[in-house]
Amino acid sequence: MMKQTSATKDLIIMLVFIAAVLTAPIWLTPIGANYPDLLQKFAIYGIFAIGFNILFGLTGYLSFGHAVFLGIGSYAAVWSFKLLTMNILPAILFAVMWSGLFSVILGYISLRRSGIYFSILTLAFAQMSYNLAYSVLTPITNGETGLQLRLADPRYIDNMFTKAVSEGIPSTNLFGIKMSGYSGFYFCAVVLIICFWISLKIFRSPFGLTLSGIKSNQHRMKYTGFNPRPYLLAAFVISGMYAGLAGALLAVTDPLAGAERMQWTASGEVVLMTILGGLGTLIGPVIGAGVIKYFENIFSSIGDQNLFEMLSWLPEGMQSIVAYVISPFVGSGWHLTLGLVFMLIVIFLPGGLVSGFSKLASTFRPKKKTPQPVASTVSNASGTKEGE
Amino acid sequence: MSKIITSKWSRRGVLKAGAVTGAAISAPMFFTRNAFAAEFLNDPGSAANVTFGFNVPQTGAYADEGGDELRAYQLAVKHINGEGDGGMMNTMKPISLSGSGVLGKKVTYVTGDTQTKSDAARASAKRMIEKDGVTMVTGGSSSGVAIAVQSLCQEAGVIFMAGLTHSNDTTGKDKRRNGFRHFFNAYMSGAALGPVLEKNYGNERNAYHLTADYTWGWTQEASMIASTENIGWKTAATVKTPVGAGDFSQFITPVLNSGADTLILNHYGKDMINSLTQAVQFGLRDKQVNGKDFTIVVPLYSRLMAQGAGDNVKGIFGSTNWHWSLPDAGSQAFVKSFGAEYGFPPSQAAHTCYVQALLYADACERAGTFMPSEVIKQLEGYKFDGMGNGPTEYRAEDHQCFKDVLVVKGKENPSSQFDVLEVVEVTPRAQVEYKPDHEMFAGGDLGPANNGV
Amino acid sequence: MSEDKPLSLEPKTEAGEMPYFSVRDIHAYYAESYIVQGVSFDINEKEILALLGRNGAGKTSTMRAIARAAAPEIRGGEIYLQGQAVHEMQDFQAARAGIQLVPEDRAIIPGLTVEENIILAQIEEPIGWPLEQIYGHFPRLAERRMQMGTTLSGGEQQMLAVARALARDIKILLLDEPYEGLAPTIVREIETILLELKQLGFTSIIVEQNAVAALKLADRAVILDTGVVVYDGSAQEVLDNEELRHEYLAI
Amino acid sequence: MDAIFLQVLNGLDKGGAYALIALGLTLVFGTLGVVNFAHGALFMLGAFCAVSVQSILTISQKVRDESITFFEAYKEIPYLEIWWGETGSIIIDYAVPISIVVAIPVMLLIGLAMERGLIRHFYKRTHAEQILVTFGLAIVVQEIIKANFGANPIPVPAPDIVSGSANIGTWLGMSDTIVYPWWRLIYFVFSLTVIAAVFAFLQLTTFGMVVRAGMRNREMVGLLGIDIQRKFTIVFGLGAVVAGVAGAMYTPMLPPDYHMGMDFLVLSFVVVVVGGMGSLGGAVAAGFLLGLLQSFAAMNEIKSLIPGIDQIIIYLVAVIIILVRPRGLFGREGVMED
């Protein structure tokens with residue numbers, strides 16, 4: 001659907017995206033998702049998913065270990081706060097550098113294999129990092145407790161300029177602007193917009209086309225003597241740096257880094273986000289990230305009481321029956337709903353929510369031309385054969 | 001599932017609670033909050049309600065404990081608002097609460113799921129603070145989570161009343177001005193257990209530690225080593241085990257040949273159930289080493305855990321913050337109230353959380369405001385009684401609660417499924433007290449109070 | 001026999017009568033590669049057809065399409081065997097209908113003995129020659145019955161592949177490159193076996209790089225070029241028509 | 001020396017569990033070519049078969065508990081004990097062995113339903129999509145279990161008679177410090193038995209021959225008139241049974257919770273990869289090998305030499321194997337190699 005690209009079309013996409021992101025605190029109000037922490041999470045995990053999509057969506061390489069870079073980004077950022085300054089720019093810089101460095105190493109090794117072996121390699125690296133962060137690397141990671149700021153942290157750069165006025169732990173800031181609350185969100189939002197723009201550029205560039213070429217026809221490319229590995233590594237590192245950036249922003253808005261950010265199920269979550277929203281589409285991952293974070297934070301807190309409240313328009317008897325039926329799916333059962341939705345999407349809607357929307361839109365729009373059956377299987381975003 | 005519906009969803013309570021939480025959820029903070037007018041974050045001002053945040057593990061390894069905590073909080077809210085039989089409101093002294101809410105406002109609450117993960121716990125606490133406008137966050141059943149949420153509350157500017165957290169660090173090097181802990185800590189467990197172990201097992205033991213690899217485990221291990229070496233025991237080895245390891249057999253087999261005659265399990269929750277069960281399966285308790293019967297010690301006990309480990313706990317010593325069989329009036333009133341509501345006795349986690357909620361409400365009442373700095377002043381150095389632990393004090397220097405500590409033993413002949421622990425000694429407060437600058441607690445600083453504006 | 005329940009209505013040919021086996025305008029794809037681009041031919045009972053053409057002409061693909069292997073995928077056209085619609089079948093249904101492919105690579109199954117390879121063919125009805133008859137015909141296989149199939153020599157593997165086909169009740173036998181990769185002496189041996197089969201009256205299609213050898217065996221020949229039929233006529237004529245051979249077979 | 005002997009034993013029973021899970025996973029992968037991320041969930045379901053059997057056997061009557069005076073408390077007396085007294089208690093005591101018998105048909109049905117309902121529609125899709133949909137299924141299954149059984153582990157004890165430990169050292173005339181829990185020994189023997197049964201089934205029956213043939217050359221088997229799809233449906237059921245009984249038997253060693261499937265999943269994939277994808281023998285060998293390696297890595301002597309090695313040994317082996325020999329220790333050339 002994004003076939004006919006033109007500069008104006010991209011401009012429109014960007015403008016709509018910018019408007020949507022910056023006005024999020026307003027239009028998310030009716031669904032109760034307008035508070036800073038959740039807005040920040042939407043933006044941060046949006047960045048994470050956009051980056052992941054550059055690898056998985058474009059090349060088809062399914063990494064089950066990307067949360068490692070998220071974790072490394074967070075640790076690097078918190079250490080920067082502890083050792084240097086509470087200004088977030090060095091923290092972000094270090095986070096992206098470190099995650100980039102690690103993704104070069106892990107990517108170089110993992111990309112020696114493809115398919116399921118690649119997935120398992122990344123999975124194994126993720127578990128190793130997680131287990132080490134939890135055990136022997138405790139001096140760096142503070143283990144299960146998570147790396148936190150302390151009053152006694154040196155903060156060398158900060159302390160060079162201001163001489164210790166001990167008024168509690170200073171907050172993270174961008175040259176004095178506090179990075180919590182809405183200012184934190186708007187900072188993340190700007191970063192998200194930039195990341196989205198970069199992703200758009202990558203999708204449109206010859207580099208992006210090469211990557212999709214690798215996905216759709218690696219064998220043919222090999223015959224032509226083309227070596228895909230440098231391109232794959234580049235995609236891997238870019239997505240690793242996106243993850244590191246996201247990890248840094250997590251620490252920026254909330255200066256704590258925990259090892260559970262690196263667990264393989266955390267990597268699984270970004271896979272869920274990308275697939276849910278629409279693999280290989282530009283906006284899909286952001287939508288997927290939003291949906292999952294919304295589920296996790298709002299949907300999950302629908303307790304039995306709220307449920308009754310919401311169903312109060314039903315007649316007496318119906319109320320408890322309906323509540324009984326849907327209560328396993330809401331509140332603490334939100335994972336169940338998520339799992340079911342995810343399965344339905346993988347089975348029936350391989351293009352994710354985005355393709356669902358466009359399908360829906362096209363049924364209401366008068367049809368101009370009927371797509372050719374053969375061509376439709378070729379251009380399918382996830383490269384699947386739809387068949388019996 | 002049906003159990004929950006019939007018991008928890010009594011229609012009256014549901015509608016009432018639903019209406020208020022619904023209102024709290026639907027009010028968009030973005031438009032209503034005026035940051036300049038308020039003197040402190042989430043000032044309820046002239047609103048009819050004040051909201052508390054109950055942040056407990058509803059999923060994950062500590063979900064049972066979390067569920068019990070939530071029950072206790074709900075009971076506490078009822079009692080503060082003047083519903084039910086009043087529970088410990090009848091025994092708490094001194095008391096400023098009158099059963100008409102706090103400062104004339106009805107108490108409502110929001111709940112969150114910590115998943116026993118620092119990240120998730122902070123996210124849900126943030127939701128409570130930023131979206132639901134709570135003045136206080138309480139709960140948790142892991143020290144890692146408690147420390148993480150405590151520092152968040154400090155940064156945000158609300159009060160944190162820690163739930164079940166036993167690490168020395170919570171009120172030691174990670175202490176915060178806005179956080180308070182009613183639960184006892186690892187040092188206290190060690191100090192209380194030392195003399196009991198000496199009396200029962202003598203002075204010539206060789207102890208092997210298996211320790212959960214995080215803040216609580218480390219401080220627990222250090223406390224137990226200090227206390228056992230003090231009575232002449234040796235330490236054969238200390239081995240860290242990953243949290244949630246599940247199968248501990250590979251850590252237990254080396255114990256058999258280590259020459260140790262005592263195994264100290266610095267584990268909690270699911271880990272303790274598994275490691276203890278497996279240690280018994282490996283025949284440790286049937287062994288004789290150095291002419292002595294091999295023995296196991298579980299420094300931190302809870303009834304829920306003991307129930308989980310079944311017969312394996314019989315005769316094993318440990319310590320606990322509170323037990324439902326205590327005969328004092330406060331404990332009895334609470335057990336009666338809780339039992340009538342839910343059909344089983346409360347756990348120590350439930351007790352701690354119930355007390356925390358009441359203490360906070362009472363402090364606000366005394367302070368005449370919800371402003372954290374004023375509430376903190378009321379809680380620091382506060383002495384009270386009638387809450388199940390005898391005379392109790394919140395020490396001003398580190399916000400740790402000081403009171404008697406219970407040494408318990410797995411009961412040989414339980415009379416009911418809840419009657420798994422027996423209290424062997426109530427260790428007086430003086431014996432478990434320490435100086436605020438004790439080496440195990442040094443390195444922290446309460447810092448200033450934070451009102452969030 | 002499967003005639004009892006025809007899978008589809010009998011098609012009407014122009015002449016009004018049904019050929020024994022007929023391929024009508026089939027189009028087959030490997031993923032997006034369009035390989036067989038509308039191939040049609042008929043075979044009469046007991047006839048042997050040589051399917052010829054250069055490398056990549058679509059011979060093997062046509063055979064695999066007839067046997068209903070998973071690839072190539074037929075996206076158009078029809079195949080009928082004694083009136084049954086083969087194009088609507090799955091691989092195992094085609095095999096039960098009497099189509100038996102001896103694939104190019106022999107496909108002797110690793111991990112199975114010679115005998116197990118043959119027994120495997122006799123699990124599903126209808127079965128052809130019993131084990132004794134096969135061993136009688138192929139004494140070399142009888143000697144090596146307990147040996148792993150894949151440890152046989154190339155010629156023996158080809159024998160086993162043919163033997164395995166005979167273990168099923170064959171209506172039409174598809175031989176894909178039976179001489180490929182075999183030493184000339186072995187080729188002669190296989191050739192003898194195939195001649196015997198001819199005498200026994202098996203209807204067959206044979207694909208073979210060695211067109212001359214195939215044509216010696218065949219009654220008729222069909223030549224494919226880039227997925228379409230360019231010649232359909234007697235085998236003898238191809239042997240005689242040098243121009244034809246040169247243009248399409250490069251011999 | 002004694003310590004090493006114990007670690008070997010420890011590695012063997014752990015290895016037995018790994019081998020059983022990996023065996024089922026390999027059966028499914030080798031025949032159907034499906035990468036099943038829900039296989040761990042099958043292991044977990046097996047364990048919950050034991051939990052269910054136990055809770056069915058202990059369906060109880062509520063009796064007012066007079067020992068609690070503060071409030072109305074009830075204790076639960078199983079009907080089996082009320083009706084049959086001592087015999088009832090014995091039956092409850094044998095919940096785990098009984099659950100094995102129950103788990104076999106139940107897991108077979110679950111496996112067949114899973115293959116029919118979901119897996120078969122994914123044969124032709126990419127491995128990535130298979131991973132995704134089965135990952136989703138695993139989440140759904142574990143959440144259903146959580147909704148019904150709660151989030152906490154549920155202890156399911158072994159029968160009383162084997163709940164203690166065996167004094168192996170004394171039997172073998174070695175030191176009396178070598179004691180080992182009966183149930184773990186039983187588990188090891190049980191895993192060997194199941195493995196032997198699976199191999200016997202594959203080697204000695206016609207059906208097994210078809211399966212072996214299908215794993216090596218699926219196309220040719222189909223071309224010989226065999227409906228391999230239908231046969232493989234049963235193989236999927238078999239894989240589910242193997243995982244299920246492995247899970248049911250594991251419950252006395254580790255009280256099951258809803259998350260145990262995910263915990264074992266990563267491990268079992270690692271085992272399969274190390275053994276060689278599609279190689280049944282490889283799965284078994286790698287299971288025991290990794291069990292032993294993990295057990296030895298946990299020895300204090302080794303840990304002090306290389307800190308943290310016990311945490312990563314398994315993954316480290318997997319990484320090395322994939323890089324150096326992608327087909328695994330016993331895998332055949334060409335299977336899943338690019």
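On a predicted model such as this, the values are computed, not experimentally measured, just so you know. We name chains A, B, ... by the order of the sequence lines, and we start the count at 1 in each one.
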Q. Does any pair with a residue in residues 127-147 of chain A pass ring-ring contact (aromatic ring centres under 6.0 Å, His included), and if so which ones, sequence neighbours excluded?
A. A:Y130-A:Y134
Q | Residue-level contacts of residues 290-313 of chain D with chain A, using a heavy-atom cutoff under 4.5 Å | A | D:P307, D:G308, D:Q311, D:I312
(Q) Nearest 0.5 Å, please: how far is CD1 in D:I314 from CG in A:N131? (A) 10.0 Å
Q: Would you mind telling me which of A:I347, A:V271, A:I275 has the largest number of heavy-atom pairs within less than 4.5 Å of chain D?
A: A:I347
Q: Mind checking the CZ-CG spacing from D:F135 to A:L62? Nearest 0.5 Å is all I need.
A: 9.5 Å
**Q.** Region of A:I109 that comes under 4.5 Å of a non-hydrogen atom in chain D
**A.** both
**Q.** Any donor-acceptor N/O pair, A:Y117 side chain to D:P326 backbone, under 3.5 Å
**A.** yes
Q: Grab the two heavy atoms, one from D:I131 and one from A:F64, that are nearest each other, plus how far apart they are.
A: CG2-CE1, 3.6 Å
Q: Please round to the nearest 0.5 Å and tell me the distance separating atom OG1 of A:T265 and atom CD1 of D:I139.
A: 9.5 Å
Hey, can you pull the donor-acceptor pairs under 3.5 Å for the side chains in residues 22-32 of chain D, sequence neighbours left out?
unit_1: D:T26; atom_1: OG1; unit_2: D:A22; atom_2: O; d: 2.7
unit_1: D:T31; atom_1: OG1; unit_2: D:L27; atom_2: O; d: 2.6
unit_1: D:T31; atom_1: OG1; unit_2: D:V28; atom_2: O; d: 3.4

Q: Find out whether A:M343 and D:L118 are in side-chain contact, i.e. whether some heavy atom of one side chain is under 4.5 Å from a heavy atom of the other.
A: yes
(Q) If I take atom OH from residue D:Y315 and atom OG from residue A:S129, how far apart are they, to the nearest 0.5 angstrom? (A) 11.0 Å
Q. What part of A:L121 lies closer than 4.5 angstrom to a heavy atom of chain D: side chain, backbone, both or neither?
A. both
(Q) Surrounding OH of D:Y123 (heavy atoms of other residues, nucleotides or ligands, distance under 6.0 Å), is the total greater than 12? (A) yes
Q. Using non-hydrogen atoms only, which part of A:V136 is less than 4.5 Å away from chain D: side chain, backbone, both, or neither?
A. side chain
Q. Could you give the distance from CD1 (D:I321) to CD1 (A:I120), rounded to the nearest 0.5 Å?
A. 12.5 Å
Q: Under 4.5 Å heavy-atom distance to chain D, tell me which part of A:L123 shows up: side chain, backbone, both or neither.
A: side chain
Q) Side chain, backbone, both or neither: which part of D:F122 has an atom under 4.5 Å from a heavy atom of chain A? A) side chain
Q: Find the distance between CG (D:L323) and OG (A:S110) and round it off to the nearest 0.5 Å.
A: 7.5 Å
Q: Could you list which of residues 262-273 of chain D have a heavy atom closer than 4.5 Å to any heavy atom of chain A, in residue-number order?
A: D:M262, D:L265, D:V266, D:F269, D:V273
Q.
Within the supplied structure, the quantity of interest is the number of heavy atoms (other residues, nucleotides, ligands) at a distance under 6.0 Å from A:Y294 OH; does it exceed 12?
A. yes
(Q) What I'd like to find out is whether the side chain of A:P350 reaches to under 4.5 Å of the side chain of D:R125, using heavy atoms alone. (A) yes
Q | Check against side-chain contact (heavy atoms from CB on, under 4.5 Å), A:F342 and D:L132 | A | CA-CA 9 Å; A:F342 177 73; D:L132 294 173; 4.0 Å; yes
Q: Mind listing the closest non-hydrogen atom pair of D:V140 and A:G339 along with its distance?
A: CG2-C, 3.4 Å
